[in-house]
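Read through the structure below, which is laid out as structure tokens, and then see the notes.
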Amino acid sequence: MEEIIRARGHEHVSAAHASTFEVTSDDWLTPAGDCILAVEADRTPADFDRAFVEACRDPDARIVAAFEAGERTETVVGRGHPELSFEDDRSMVGRTSDYVDDRTIMVAAEKAAAGFDRELVAALSDGAEVTVTLSVEPADGNGERNR
């Protein structure tokens, strides 16, 4: 199962945050938004299919966020959590921690904004178009991920 979001970078993308990454539907970004990788997202968590959301609520689910901008691709792997609600209608946040709110799309992410490839970050700060593909690989009944 997957969800596809299209957005664009912004001149203030710095990708300096050490514990989160974010994509927002807002059309603006200040320098303080150091976790935000893209703006003007055409979809938000509130738009996601309910079956996708349910699959992400499995704590053994593997959630992947793939960012594609031009020739650059970055992939972040995290996991699901029973409290993921996908209710926010403005932004989506991947977290290296286990903290969950209505913007959270994954927990235990293997990296945050600061860990993203600097060439991809440069393209985003130049305003590159980006496609974010979120996919979930649910666990089977034995706690093992389906392959």
Side-chain angles (χ1 to χ4, degrees), residues 1-10 12-29 33-117 119-121 123-125 127-147:
M1 284 184 270
E2 66 181 30
E3 296 286 342
I4 298 173
I5 302 96
R6 288 174 181 74
R8 69 171 182 81
H10 187 280
H12 293 307
V13 169
S14 65
H17 204 277
S19 63
T20 64
F21 64 86
E22 180 176 346
V23 175
T24 182
S25 61
D26 292 342
D27 62 358
W28 52 273
L29 174 59
D34 64 352
C35 68
I36 298 174
L37 299 169
V39 298
E40 294 187 30
D42 66 350
R43 302 180 69 228
T44 64
D47 300 319
F48 295 171
D49 184 88
R50 292 294 97 190
F52 179 87
V53 172
E54 280 304 313
C56 290
R57 287 184 176 145
D58 183 332
D60 293 320
R62 179 178 186 258
I63 301 173
V64 179
F67 291 75
E68 296 178 50
E71 300 295 316
R72 302 278 174 220
T73 302
E74 183 84 19
T75 302
V76 181
V77 177
R79 65 174 172 76
H81 190 283
E83 295 175 23
L84 290 176
S85 70
F86 290 83
E87 293 176 347
D88 197 83
D89 63 359
R90 195 169 149 206
S91 64
M92 58 198 87
V93 178
R95 303 180 187 281
T96 60
S97 70
D98 285 334
Y99 177 79
V100 174
D101 66 15
D102 63 349
R103 303 177 314 147
T104 307
I105 58 168
M106 71 170 62
V107 297
E110 64 188 359
K111 66 181 126 187
F116 273 63
D117 175 79
E119 289 183 24
L120 174 66
V121 172
L124 293 172
S125 69
E129 299 291 321
V130 61
T131 300
V132 182
T133 303
L134 290 176
S135 59
V136 59
E137 185 179 295
D140 68 16
N142 298 318
E144 297 292 322
R145 284 190 203 90
N146 293 322
R147 302 264 180 229

Please round to the nearest 0.5 Å and tell me the distance separating atom [atom1] of [X] and atom [atom2] of [Y].
X     : Y      : atom1 : atom2 : value
Asp98 : Glu83  : CG    : CD    : 10.0 Å
Arg79 : Ile63  : CZ    : CD1   : 9.5 Å
Leu29 : Ile36  : CG    : CD1   : 5.0 Å
Thr20 : Lys111 : OG1   : NZ    : 14.5 Å
Glu54 : Asp49  : CD    : CG    : 10.5 Å
Glu87 : Arg103 : CD    : CZ    : 13.5 Å

Quick check: does any side chain N or O of Arg95 sit under 3.5 Å from a backbone N or O of Val107, one acting as donor and the other as acceptor?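 Answer holds: no.
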Return yes if some donor-acceptor pair links the side-chain N/O of Glu110 with the main-chain N/O of Val77 below 3.5 Å, else return no.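 Checking the backbone N and O of Val77 against the side chain of Glu110, a donor-acceptor pair under 3.5 Å is found.
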Side-chain heavy-atom pair Val130, Leu37 within 4.5 angstrom cut-off: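 Heavy-atom side-chain distance check fails, nothing below 4.5 Å.
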Do any pairs count as a salt bridge (charged side-chain N to carboxylate O under 4.0 Å, His left out) and have a residue in residues 37-48, sequence neighbours left out, and if so which ones?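 Passing the test, one end in residues 37-48: Glu3-Arg43, Arg8-Glu40.
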State which residues pass side chain to side chain contact (heavy atoms under 4.5 Å, CB included) with Asp117; sequence neighbours excluded, sorted by chain then number.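 Applying side chain to side chain contact (heavy atoms under 4.5 Å, CB included) to Asp117 gives Arg72, Glu74, Glu119, Leu120.
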Can you say whether the rings of Phe86 and Phe48 are parallel (under 30°), tilted (30 to 60°) or perpendicular (over 60°)?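 Judged by the thresholds at 30° and 60°, the geometry between Phe86 and Phe48 is tilted.
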So, are Asp102 and Arg90 salt-bridged, with charged N and O less than 4.0 Å apart?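 No, this pair does not count.
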Any donor-acceptor pair under 3.5 Å linking the side-chain atoms of Glu22 with those of Ser91?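 Their side chains do contain a donor-acceptor pair, which is all the 3.5 Å distance test asks for.
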